[in-house]
K.L.:
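This is the structure I have questions about; it appears just below.
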Amino acid sequence: MGIDALSKNDPSSFANTEDVVVRHAHVSWLVDFKKQTLAGSVTLTLEKVNDLADKVVLDTKDLTIKKVYLSGNPLDFVKGPTVSTFGESLTVQLPANTAKKFDLVIEYETSSKAYALQWLSPEQTSGKTHPYMFSQCQSIHCRTIMPCQDTPFVKFTYTAEVDAEADMTVLLSAVSSGDPQVIPGTSLRRHKYEQKVTIPSYLLAIVVAKLAHRTISPRINIWCEEENVDAATWEFSQAEEQLSFAEEICGTYEWGRYDLLILPPSFGYGGMENPCVTFVTPTCVVGDRTQADVIAHEISHSWTGNSVGIKTFEHFWLNEGWTMFVQRKIEAKLFGEKHRHFSAILGLNELRNTVRDSKHPEIETTLVKDLIGIDPEDVFNTVPYEKGHTLLFYLETLLGGNDAFDPFVKAYCQHFKGQPIDTDMFKSFLYEFFASKKAVLDSVDWQAWFFGLGMPPVIPEYDTTLSEECTKLADRWLNCPEEEVESLSSGPSFKDLSPLQQREFLDQLGLREQVISVNKLRKLDEWYNLKSVRNTEVKFRWLRLCIRAKWEDKIGEAIDFATIQGRMKFVRPLYRSMYAWPAARDRAVEAFKKHRDEYMYITARQVALDLHLDS
Ligand code: BES
Ligand code: ZN
């Protein structure tokens with residue numbers, strides 16, 4: 001059995017969603033930090049969408065399935081063989097008289113190797129006294145924590161009962177149904193949660209840890225270990241304002257709460273839009289509020305992604321491209337239209353880096369993908385984000401600017417609310433909404449946008465007010481003859497730039513054909529004390545540039561940065577460029593092997609692939 005066992009509706013899942021779909025899930029878990037497992041059951045409320053349905057095929061990976069019940073009666077089940085990274089199917093034959101809607105109860109236990117979970121020892125936390133566990137289900141890891149239809153094609157509501165040690169906080173991607181209750185005769189408390197809005201499996205999320213919180217608005221708490229909660233609260237204090245702006249752009253916020261959880265440094269993403277509780281990397285907490293765009297981004301997903309969904313990860317750009325677009329609309333409301341354009345310019349830089357370094361452009365650089373036999377994470381990069389954003393910005397310009405396009409954004413969120421969609425549905429609705437501008441829309445080269453390789457077919461003319469200074473400074477540094485380097489110490493300088501402009505300046509030094517000399521980098525380092533930069537986005541670009549310019553003294557710093565935190569956006573490009581440079585390769589591989597267990601499984605797998613290690 002190979003990839004042909006996979007679903008008709010989604011190449012990343014085994015589920016027979018053409019026959020049955022999950023409407024509701026109830027999970028009941030005991031969190032066991034000693035065994036590093038979740039044990040208990042899930043009750044799936046299923047509905048036949050095909051009257052002839054005679055079986056249920058679910059996704060699982062590394063789960064121990066103990067019993068399956070239908071109306072109290074045990075049923076036989078069969079687990080399929082492991083199919084590449086997709087895990088194992090779980091097939092349950094249904095008795096002939098099974099009703100249209102029925103509950104399957106599955107008793108099971110997770111493995112301590114569950115991809116979606118990271119279990120941290122007390123030493124790996126700031127507090128050093130309690131262990132910590134958090135999940136990351138996107139893209140296809142929910143199947144490692146429960147048997148499910150692990151595809152965004154299906155949306156369901158859920159309830160949860162989670163038992164954990166009494167001094168731990170438990171948060172889920174749902175709304176709490178009241179204070180946790182002590183379970184008599186044990187050291188445990190039971191936490192109940194309910195998600196009344198339908199979600200795809202990848203938005204199921206849990207954290208169990210010793211957490212503190214601060215309230216910044218009636219619907220927003222900032223959750224974090226006590227040691228860092230005040231710094232995090234300061235960094236993200238604009239969250240309520242951002243959320244209100246998002247409502248102006250997209251419509252009413254339907255999820256009730258919007259909490260933020262700041263995770264330990266090993267969290268692999270900048271942010272994750274888990275409903276009711278966004279997960280955020282602590283690498284954003286640097287004391288200058290310049291990474292609040294991550295929050296604007298995750299807030300935006302409340303509409304684009306979490307409400308308007310996708311049928312499969314082949315249309316992931318509808319999640320991320322749209323979310324970049326709404327995120328930058330929020331940025332425009334906060335800091336002005338020029339800032340929105342500047343943010344888009346910075347995004348294009350990342351796209352240029354991705355396209356330039358791509359090894360498999362035919363799958364890595366198209367907007368819409370064919371993911372048959374491919375793990376969505378293996379082709380994850382900035383293309384869906386920035387090519388997707390570029391398309392929407394281009395459409396906005398073409399169709400008459402903000403005034404014409406803003407009503408479309410709102411209508412799109414409303415029209416597809418709660419639905420998983422694909423690229424064609426987006427395009428049809430666009431044509432429907434702008435029926436009077438059909439000729440304009442027909443001038444768009446859709447084939448090139450959706451399926452073309454490399455950079456977007458059209459790059460909008462962004463306002464360069466905020467980037468101009470950076471371009472001038474980059475030109476000055478690049479064009480200065482080596483023997484006149486000292487002259488760069490006077491005149492406009494790096495320290496006059498805002499942190500965002502510093503990013504742009506460093507990007508430009510790395511994107512030109514001419515690579516900046518180590519001699520000049522040494523001066524930058526010396527004069528502007530780049531060793532002690534706190535802003536992680538600036539630091540990342542600085543170290544990436546140093547490695548690209550083959551400055552050997554900086555290998556150690558790059559390795560330190562790639563091992564004290566695990567945000568993939570920073571870690572992977574650094575490892576990749578160290579791997580590509582013989583002088584750094586062995587040290588990078590050695591460092592990765594030493595720190596492998598501190599990364600999330602997801603991160604470790606990707607970096608192992610980047611370093612060509614057997615994963
Ligand atoms: N949903 C993504 C993170 C993700 C994508 C997790 C694919 C797993 C698989 C999240 O919304 C995201 O895009 N995060 C960005 C934030 C940035 C664009 C502001 C990140 O992590 O860098
Ligand atoms: Zn996103």
Side-chain angles (χ1 to χ4, degrees), residues 12 85 115-116 118 134-142 144 150 152 173 199-205 236 239 242 246 260-263 265-275 277-284 290-310 312-331 343-344 346-351 354 369 371 374-389 500 503 536-537 540 565-573 600-603 605-606:
S12 312
T85 67
Y115 255 82
Q118 196 185 18
F134 65 88
S135 71
Q136 168 62 42
C137 285
Q138 196 177 15
S139 301
I140 55 169
H141 307 301
C142 190
T144 69
D150 200 4
S173 54
I199 60 154
S201 57
Y202 78 81
L203 291 178
L204 196 100
F236 303 130
Q242 291 171 309
L260 290 175
L261 166 72
I262 290 77
L263 288 128
S266 58
F267 183 57
Y269 292 95
M272 176 64 213
E273 65 273 27
N274 296 314
V277 56
T278 279
F279 285 18
V280 195
T281 167
T283 64
C284 286
T290 56
Q291 293 184 59
D293 59 337
V294 174
I295 308 304
H297 180 92
E298 306 312 335
I299 284 174
S300 306
H301 272 306
S302 307
W303 292 267
T304 50
N306 296 8
S307 174
V308 180
I310 46 176
T312 74
F313 286 104
E314 295 168 311
H315 307 278
F316 183 58
W317 82 271
L318 287 172
N319 270 9
E320 299 300 345
W322 262 106
T323 298
M324 289 310 303
F325 189 78
V326 177
Q327 170 200 321
R328 290 185 176 133
K329 288 267 176 189
I330 298 174
E331 290 179 57
S343 174
L346 288 167
L348 271 183
N349 293 343
E350 287 313 303
L351 185 59
T354 304
K369 319 265 183 206
L371 290 181
I374 296 173
D375 185 325
E377 240 129 80
D378 292 351
V379 294
F380 174 82
N381 61 28
T382 51
V383 170
Y385 291 77
E386 297 300 348
K387 205 188 241 195
H389 174 272
L500 282 179
R503 284 197 209 179
T536 43
E537 291 278 1
F540 162 65
Q565 53 78 38
R567 187 170 170 186
M568 274 189 266
K569 169 174 143 180
F570 298 154
V571 167
R572 293 188 61 195
M600 288 165 73
Y601 290 112
I602 311 174
T603 313
R605 175 170 181 272
Q606 291 305 327

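Both ligands and their constituent atoms are indexed starting at 1 by order of listing. Throughout, numbering of the chain's residues begins at 1 and tracks the sequence.
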K.L.:
Among D375, I140, T312, I374, find the one that has a side chain to side chain contact (heavy atoms under 4.5 Å, CB included) with S12.
P.N.:
I140

K.L.:
Quick one: report the N, O or S atom of E320 that is nearest to the Zn ion (ligand 2).
P.N.:
OE1

K.L.:
Measure the distances from the heavy atoms of M568 to every atom of ligand 1 and state whether one is below 4.0 angstrom.
P.N.:
no

K.L.:
Salt bridge between K387 and E320, side-chain N to carboxylate O under 4.0 Å?
P.N.:
no

K.L.:
At a 4.0 Å cut-off, with the gap strictly under it, does some heavy atom of F316 reach an atom of ligand 1?
P.N.:
yes

K.L.:
Where do F279 and S135 come nearest, in terms of heavy atoms and distance?
P.N.:
CE2-O, 3.4 Å

K.L.:
Examine E273 and say whether one of its N/O/S atoms is closer to the Zn ion (ligand 2) than 2.8 Å.
P.N.:
no

K.L.:
Among all protein non-hydrogen atoms, which one is nearest to atom 13 (O) of ligand 1, and what is the separation to 0.1 Å?
P.N.:
Y385 OH, 2.6 Å

K.L.:
So, do L351 and V383 sit near enough that their side-chain heavy atoms are less than 4.5 Å apart?
P.N.:
yes

K.L.:
Once salt bridge (charged side-chain N to carboxylate O under 4.0 Å, His left out) is applied, do any residues pair with E273, and if so which ones, sequence neighbours excluded?
P.N.:
none

K.L.:
Identify the heavy atoms of P275 and L203 that sit nearest to each other, and give their distance.
P.N.:
CD-O, 3.4 Å

K.L.:
Can you list the atoms of ligand 1 that are under 4.0 Å from a heavy atom of S139?
P.N.:
9 (C)

K.L.:
So which N/O/S atom does H301 have closest to the Zn ion (ligand 2)?
P.N.:
NE2

K.L.:
Could an N or O of ligand 1 be found under 3.5 Å from any N or O of E320, whether backbone or side chain?
P.N.:
yes

K.L.:
Can you figure out which of G271, S300, P384 has its heavy atom closest to atom 10 (C) of ligand 1?
P.N.:
G271

K.L.:
Going by distance only, is there an N or O of H301 that falls short of 3.5 Å from an N or O of ligand 1?
P.N.:
yes

K.L.:
Could you tell me whether H297 and ligand 1 have an N or O pair separated by under 3.5 Å?
P.N.:
yes

K.L.:
Please state which protein non-hydrogen atom is closest to atom 20 (C) of ligand 1 and give its distance, to 0.1 Å?
P.N.:
G270 N, 3.4 Å

K.L.:
Taking only residues two or more places apart in sequence, or in another chain, which ones meet V571 in a side-chain contact (heavy atoms from CB on, under 4.5 Å)?
P.N.:
Q565, Y575, Y599, V607

K.L.:
Under 4.0 Å from a heavy atom of Q136: give me the atoms of ligand 1 that qualify, with their elements.
P.N.:
6 (C), 8 (C)

K.L.:
Pairs of nitrogen or oxygen atoms closer than 3.5 Å, one from D293 and one from ligand 1: do any exist?
P.N.:
no

K.L.:
Is there side-chain contact between Y601 and Q136, with heavy atoms separated by less than 4.5 Å?
P.N.:
no

K.L.:
Before accepting this row, confirm whether a basic side-chain N of the pair E350/R503 lies closer than 4.0 Å to the acidic partner's carboxylate O.
P.N.:
no

K.L.:
Taking side chain to side chain contact (heavy atoms under 4.5 Å, CB included) as the criterion, tell me which of Q327, E331, R328 meets it with H297.
P.N.:
Q327

K.L.:
In the protein, what heavy atom is nearest to atom 1 (N) of ligand 1, and what distance, to one decimal place, separates them?
P.N.:
E273 OE1, 2.6 Å

K.L.:
Return the residue, atom name and 0.1 Å-rounded distance of the protein heavy atom closest to atom 15 (C) of ligand 1.
P.N.:
E298 OE2, 4.2 Å

K.L.:
With a 4.5 Å cut-off on side-chain heavy atoms, are D378 and R605 touching?
P.N.:
yes

K.L.:
I want to confirm something. Looking only at heavy atoms, which of Y202, F380, Y269 is nearest to atom 8 (C) of ligand 1?
P.N.:
Y269

K.L.:
In the protein, what heavy atom is nearest to atom 4 (C) of ligand 1, and what distance, to one decimal place, separates them?
P.N.:
Q138 OE1, 3.3 Å

